[in-house]
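Only one structure is covered here, and it is reproduced in the block below.
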Amino acid sequence: MFFKKYGDIIVGIFFMALSAILMVMAQMLPKSKVMEIGPDFMPMVIGGLTFVLAAALTFLSVKNFKMHAAEIDPAKLPDCDYKRVLLSVILVLVYVFVLQPVGFIVSTLVFLPLQMLVLSPEDKRGKKDIIMLLIIDVIFTMAVFFLFRYGFKIVLPAGIFTINL
């Protein structure tokens, strides 16, 4: 009950702290001698954006706390689906560990549809839905690959399949 009542505040404070740590550690990265934008640019952008969103979540949660506290009925809140949470954590850990040796494209093409299947509702797991997930997977993976390769000039892990695109 405690987390259900104070959950948004706790999550907001946690992500503000996490993003502050991310930004401090990004400043410790070596500066680029080739370009103005160094390796600290994206972590700083992500950290700053996360901090702002977490601060907004915390502020709005505190502001509306009394109004929402009266609305919370423990009997009406859905139970957490621990199976999906555990599967998501396992998938992310496996993805992180196989990303370097297998490569970005192959590992992401396998990870994304599995993660989308874990998170999708039971009634959205038909053949048509799975085909749509696979199409989204391929488009997203290739878009991110080309964005990093040609937009940011950052080479993602090639792994066992070296692709010269």
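What you see is a predicted model; the values in this text were computed from it and never measured.
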The test is side-chain contact (heavy atoms from CB on, under 4.5 Å); show your working for Leu18 and Thr50 and say whether it passes. CA-CA 9 Å; Leu18 188 68; Thr50 304; over 6 Å; no

Pair Phe14, Val11 - check side-chain contact (heavy atoms from CB on, under 4.5 Å), show working. CA-CA 5 Å; Phe14 172 77; Val11 169; 5.6 Å; no

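Other residues sharing the hydrophobic cluster of Leu53, ordered by chain and number and joined by side-chain separations under 4.5 Å: Leu49.
Rounded to the nearest 0.5 Å, atoms CG (Leu117) and CG (Asp137) are 10.0 Å apart. In this structure, CD1 on Ile90 lies 12.5 Å from CG on Leu114, to the nearest 0.5 angstrom. The CG atom of Leu134 lies 11.0 Å from the CD1 atom of Ile139; values are rounded to the nearest 0.5 Å. Distance CG/Leu29 to CD/Gln27: 8.5 Å, rounded to 0.5 Å. To the nearest 0.5 Å, the span separating CG on Leu99 from OG on Ser107 amounts to 4.5 Å. Taking CD1 of Ile131 as the reference point, atom CD1 of Ile136 lies at 12.5 Å (rounded to 0.5 Å).
Panel note: side chain Thr108, backbone Ile105; no donor-acceptor pair is recorded below 3.5 Å. Thr141 places no side-chain N or O within 3.5 Å of a backbone atom of Val138 that could act as its donor or acceptor partner.
Looking at Ser88 and Leu119, their side chains come closer than 4.5 Å, going by heavy atoms from C-beta outward. With a 4.5 Å cut-off on side-chain heavy atoms, Met25 and Pro43 do not count as touching. The side-chain heavy atoms of Thr58 and Asp8, taken from C-beta on, include no pair separated by under 4.5 Å.
Hydrophobic clustering keeps Leu109 apart from Ile135 (ILVMFWY residues linked when any side-chain heavy atoms are closer than 4.5 Å, directly or through intermediates). The cluster map of Ile, Leu, Val, Met, Phe, Trp and Tyr, joined by side-chain heavy atoms under 4.5 Å apart, puts Leu22 and Val52 in different clusters. Follow the hydrophobic side-chain contacts under 4.5 Å out from Ile21 and you never reach Phe51; the two are in separate clusters.
Applying the salt bridge (Lys or Arg N to Asp or Glu O under 4.0 Å) test to pairs two or more places apart or on separate chains, those with a residue in residues 84-100 are Asp81-Arg84, Arg84-Glu122.
Residues satisfying the ring pair (Phe, Tyr, Trp, His ring centres under 6.0 Å) criterion with Tyr95, sequence neighbours excluded, are Phe111.
Contact detail for Met23 and Gly48: the closest heavy-atom pair is SD-N, 3.5 Å.
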